[in-house]
Number of protein chains: 2
Amino acid sequence: MDKTIDFLLRRLGAIGKLNAEDRDLLVSLPFRRRRVSKGEEIVAEGSTSSSCCLVVTGYVHRSKVLVTGNRQIFSLHMAGDIPDLHSLHLPKMDHSLVATAPAEVALISHAAIQNVLDQSATLTALLWRDTLIDAAAFRAWMLMLGQAEAPARMAHLFCELYVRSRLVGLNRENSFALPISQIAIADMLGTSTVHANRTLQDLRLQKLVDFERGRVTVLRWRELAELGMFDSSYLHIMAGVVADQASREGTR
Amino acid sequence: MDKTIDFLLRRLGAIGKLNAEDRDLLVSLPFRRRRVSKGEEIVAEGSTSSSCCLVVTGYVHRSKVLVTGNRQIFSLHMAGDIPDLHSLHLPKMDHSLVATAPAEVALISHAAIQNVLDQSATLTALLWRDTLIDAAAFRAWMLMLGQAEAPARMAHLFCELYVRSRLVGLNRENSFALPISQIAIADMLGTSTVHANRTLQDLRLQKLVDFERGRVTVLRWRELAELGMFDSSYLHIMAGVVADQASREGTR
DNA sequence: CGTTGTGTTGACAAGAGTCAATGGCAGTGG
DNA sequence: CCACTGCCATTGACTCTTGTCAACACAACG
């Protein structure tokens, strides 16, 4: 059996209840696999989308560049995420979807998704909920962008990615793969690359976290979370999953 | 007949098609009116919400404060907006809803909304779409917070509010009421109040816009939009409405 | 073996925050 | 009617975070 939908089931199972029929509906979704290389644009700003992109491996981000040439990355997505689920009801893209690292994605047509939604009110609610959690993550990033300084923003980013990657079983002990450039990090944090580099060195020096050869290692979770003022509740992970994590690491 | 739902119909009509039955369903929604004074919290962070808040008059915002005491305002809402529509599927609030200016709101129970959604697939899609547009506005703000300097951020904010207030018929020629403090403006822009004040004076001096006695007057739309790198497409206003506006002011 | 993208460093400039003080203005209570 | 109070807008001086420019090292890659 194909594993493509597996991570999606994991993610949806972590943010809501999935019954057997819903699982079957999801597993039987038709898709088209596609391999994308680093920097490749998957969906362009301004284009009209007729399918959604499920991330299977690697990393993908949503971003937009200003006329000044400055780029802001709004979100970073990993296996199980559907970064452009919103295109279902907002087909005209107001930003673009780009591979941050080599990635594999599965393209699922809007028609197929709509067909599933018509058959299951609970899945409709769950996917709606997923887009709302996406928006909650935007708020969390906005909060950091507007009110926190660079070290806190970076700490927060690493915390979020750590929790999310563990959610879908992508991390190894206290580390996870993040094969992206410091340029990408800087564009998420809203800083220059030079400043992002210095901020990273600062975190390294404090032995809170390390990021080298495409892998983030969390050295002191509690201090990192404190610096980043990280509270995972905005990820709206269901009780069981949160508890599990909290007990292991003292996330909250 | 009660006018409470009117602005909601205007807003939803501007972002999608509303047929007669959908209008009837919306108009017959039960609600409870409430008057809130400036600074009053309507829904608290951490609380579990069982109703949604439709703004009828005045202004309301969503915000969160960090442990540092810094507050970020995520969005500002006017008549016709349902700022916490997301609470329908994400009842645990990860931020709070506060009156920025004296306001009247209508509280509509989740049960009543769910009842309407069960009866209309088109309304389900439209309200989902509304929450997605909300998220698109977050992305636009993030872009400015992360990549633009204070004057551009302020210009962008005024542009957005101008377009949105006109959408629901709240503006008068080239101005609209905005009875909020510069402190609130600063917390939206992610700057200190001192810097927001100086930035405002800068815009005044350039005769792009004015903001005094609770009213914003747009003096030179085109230059203001250029400074704010404003492109209204993220508001996802339907073609007819956009065209009307564009023809009047050259929004794009 | 050059090319290219990336990480790193230093020096300097500029944007933005902090602190402190002042003045205006509306509302309050005597 | 007037002192008093609190909130808000405004200003100046100073500090600090962050951006810019430029240079260089290094690894991956064709």
Side-chain angles (χ1 to χ4, degrees), chain A residues 37-40 59 65-66 68-73 98-102 144-157 178-205 209-216 227, chain B residues 37-40 59 65-66 68-73 98-102 144-157 178-206 209-216 227-228:
Chain A
S37 50
K38 178 179 182 172
E40 194 174 337
Y59 282 97
V65 302
L66 283 177
T68 57
N70 287 8
R71 174 181 70 157
Q72 177 67 39
I73 294 181
V98 181
T100 322
M144 300 313 283
L145 280 175
Q147 305 299 334
E149 292 175 355
R153 297 213 284 262
M154 184 174 282
H156 192 277
L157 176 65
L178 191 67
I180 70 178
S181 69
Q182 290 183 15
I183 299 170
I185 301 275
D187 286 350
M188 294 188 228
L189 302 182
T191 70
S192 66
T193 57
V194 172
H195 196 62
N197 177 273
R198 291 184 168 132
T199 304
L200 179 58
Q201 291 176 46
D202 185 33
L203 296 190
R204 280 180 183 142
L205 200 68
V209 68
D210 204 356
F211 171 46
E212 51 176 1
R213 274 168 283 114
R215 176 162 284 269
V216 173
L227 172 61
Chain B
S37 51
K38 179 177 182 173
E40 194 173 338
Y59 282 97
V65 302
L66 284 176
T68 57
N70 286 7
R71 174 181 70 157
Q72 177 67 38
I73 294 180
V98 181
T100 323
M144 301 312 284
L145 279 175
Q147 304 300 335
E149 293 175 355
R153 297 214 284 263
M154 184 173 283
H156 193 278
L157 176 65
L178 191 68
I180 71 178
S181 68
Q182 290 183 18
I183 299 170
I185 301 275
D187 286 350
M188 295 187 229
L189 302 182
T191 70
S192 66
T193 57
V194 173
H195 196 61
N197 177 272
R198 291 183 168 132
T199 305
L200 179 59
Q201 291 177 47
D202 184 34
L203 296 189
R204 280 179 183 143
L205 199 68
Q206 291 185 58
V209 69
D210 204 354
F211 171 46
E212 49 175 3
R213 275 167 284 115
R215 176 161 284 271
V216 172
L227 172 61

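Naming convention: chains lettered A, B, ... in sequence-line order (proteins, then strands); numbering from 1 in each chain.
- Taking 4.0 angstrom as the limit, Asn197(B) places none of its side-chain polar atoms (N or O) nearer than this to OP1 or OP2 of dA9(D).
- In terms of phosphate contacts, Gln182(B) brings no side-chain nitrogen or oxygen within less than 4.0 Å of OP1 or OP2 of dC7(D).
- With rounding to whole Å, Arg153(A) atom CZ is found 12 Å from dG19(D) atom C1'.
- With hydrogens and angles ignored, the 3.5 Å screen pairs a side-chain donor or acceptor of Arg153(A) with a backbone N or O of Leu189(A).
- Under the 4.5 Å side-chain criterion, counting only non-hydrogen atoms from C-beta, Thr100(A) is not in contact with Lys38(A).
- Dashed line: the shortest gap from a side-chain N or O of Lys38(A) to OP1 or OP2 of dT6(C) is under 4.0 Å.
- Checking dG10(C), dT11(D), dT18(D) against every side-chain atom of His195(A), the shortest atom distance belongs to dT18(D).
- For the pair Leu200(A) CG and dT6(C) P, the interatomic distance rounds to 16 Å; values are reported in whole Å.
- Taking every side-chain heavy atom of Thr191(A) into account, dG19(D) is the closest of dG19(D), dT6(C), dT18(C).
- Between Arg198(A) and the options Asp202(A), Val194(A), Leu200(A), a side chain to side chain contact (heavy atoms under 4.5 Å, CB included) holds for only Val194(A).
- A residue-by-residue look at Arg204(A) and Ala196(B) shows that Arg204(A) has its nearest nucleotide of DNA chain C further toward the 5' end.
- Counting heavy atoms from C-beta outward, Leu145(B) and Gln72(B) have side chains that approach closer than 4.5 Å.
- Residue-level contact check: Ser192(B) touches the bases, meaning some heavy atom is under 4.0 Å from a base atom.
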Applying side chain to side chain contact (heavy atoms under 4.5 Å, CB included) to Val216(A) and Asp210(A), what does each step give before you reach the verdict? CA-CA 6 Å; Val216(A) 173; Asp210(A) 204 356; over 6 Å; no
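- Applying the 3.5 Å distance criterion, the base of dG12(D) shares a donor-acceptor pair with the side chain of Arg198(B).
- Separating the CG atom of Asp187(A) from the P atom of dG19(D) is a distance of 11 Å, rounded to the nearest angstrom.
- Residue Gly190(B) is classed as a sugar-phosphate contact, given heavy-atom separations below 4.0 Å to backbone atoms only.
- Rounded to an integer number of Å, the gap from CG of Asp202(B) to C1' of dA14(C) is 14 Å.
- Distance CD (Glu149(B)) to P (dA13(C)): 17 Å, rounded to an integer number of Å.
- Scanning both residues, Phe211(A) and Ile180(A), for their nearest heavy atoms gives CZ-O, 3.3 Å.
- Side-chain atoms of Pro151(B) and Met154(B), non-hydrogen and from C-beta on, never get closer than 4.5 Å to each other.
- Checking dC8(D), dC19(C), dT6(C) against the side-chain heavy atoms of Ile183(A) singles out dT6(C) as nearest.
- Remark: the backbone N or O of Asn70(A) is not paired with any side-chain donor or acceptor of Gln147(B) at under 3.5 angstrom.
- The distance between atom CD of Gln147(B) and atom P of dG19(D), rounded to the nearest whole Å, is 9 Å.
- For DNA chain D, the stems formed by at least three consecutive Watson-Crick or G-U pairs, with both atom-pair distances below 3.5 Å, span C:1-30 with D:1-30.
- The interatomic distance linking Leu145(A) (CG) with dT18(D) (P) rounds to 12 Å, in whole Å.
- Distance Leu203(A) CG to dG7(C) P: 15 Å, rounded to the nearest Å.
- Distances shorter than 4.0 Å separate none of the side-chain N or O atoms of Gln201(A) from OP1 or OP2 on dG7(C).
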